[in-house]
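The next block holds one structure in the form of structure tokens; read it before the comments.
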Amino acid sequence: LTTNKSTKNGVERITSAGHDRAGKEPAKSLCSRWPTLGIDVIHAAEVLTTEHMQIGSLFRAREDGHLTDVPYANAVRKLLKRIHPLPWRVLLLVSESDHLGSDSGQKKSDTYEAGAFFEETIERKKLDQDPTKPLIQGRDLLELGFSPGPKVGFYIKRIEAARDQGQIENRAEALELLRNILGEEGS
């Protein structure tokens, strides 16, 4: 599908650029052949196929200076949100297996650095506690005088968008931003 031979520094290599994206449909097709597989297994197969390269990609972006610690941690949180409810350690195992199985022409160390940093970031920032839970809830808006309705969802999504853009990281910052937004709109 995506496998090619190339030469780098005089060494012939086999590469599979884009195999993560190209593998989604074949994985789905394979899983559909076994009707006893549940939706959770099919979801896991799709997620592991499409997302397993992200751990290494995010680490390289950080190492190359394209991501600092806060945007890196935010990208990891969004990755955990995309793979939910699949445990992140399963993704890490598949990512490390892919890394060890690749023919990058580089000596492999005993430690998968990208994975070690990924795990350390998750644990330090407590990103695995509930990656899909918004920083603010409807009750927060109700306490500020809102009535139940579509505006509540609008503001929750707006705060989550700010989180996804790395503008805020925690509940206190989310509530402060919400108050600022409401103050600006109210004036």
Quick check: does any side chain N or O of [X] sit under 3.5 Å from a backbone N or O of [Y], one acting as donor and the other as acceptor?
X: K151; Y: F146; answer: no
X: H52; Y: L48; answer: yes
X: D140; Y: Q137; answer: yes
X: D64; Y: H66; answer: no
X: D128; Y: E123; answer: no

Same apolar cluster (I L V M F W Y, side chains within < 4.5 Å links), L144/I156: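 Yes.
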
Are F59 and V70 connected into the same hydrophobic cluster when the rule is that any two of I, L, V, M, F, W, Y join if their side-chain heavy atoms are below 4.5 Å apart?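 No, separate clusters.
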
What's the shortest heavy-atom distance between [X] and [Y], and which atoms?
X: P71; Y: L67; answer: CB-CD2, 3.7 Å
X: Y112; Y: G56; answer: OH-N, 3.9 Å
X: F118; Y: L92; answer: CD2-CD1, 4.3 Å
X: A174; Y: L135; answer: CB-CB, 3.7 Å
X: L142; Y: S147; answer: CD2-C, 3.9 Å
X: L177; Y: A162; answer: CD2-CB, 3.5 Å

Quick one: does [X]'s side chain get under 4.5 Å of [Y]'s, heavy atoms only?
X: V94; Y: D98; result: no
X: I159; Y: R163; result: no
X: Q54; Y: L91; result: no
X: Y155; Y: L182; result: yes
X: N74; Y: Q165; result: no

Less than 4.0 Å between a side-chain N and a carboxylate O, is that true for [Y] and [X]?
X: R77; Y: E169; answer: no
X: E63; Y: R60; answer: no
X: E119; Y: R89; answer: yes

Would you mind writing out the side-chain donor-acceptor pairs for residues 79-87 within the sub-3.5 Å range, not counting sequence neighbours?
| unit_1 | atom_1 | unit_2 | atom_2 | d |
| --- | --- | --- | --- | --- |
| R82 | NE | E51 | OE1 | 3.4 |
| R82 | NE | E51 | OE2 | 3.0 |
| R82 | NH2 | E51 | OE1 | 3.1 |

Less than 6.0 Å separating the ring centroids of F117 and Y72?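 Yes; Y72 has its ring centre under 6.0 Å from that of F117.
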
To the nearest 0.5 Å, what is the distance between CE on M53 and OG1 on T50?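 Answer for the CE-OG1 pair, M53 versus T50, is 12.0 Å.
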
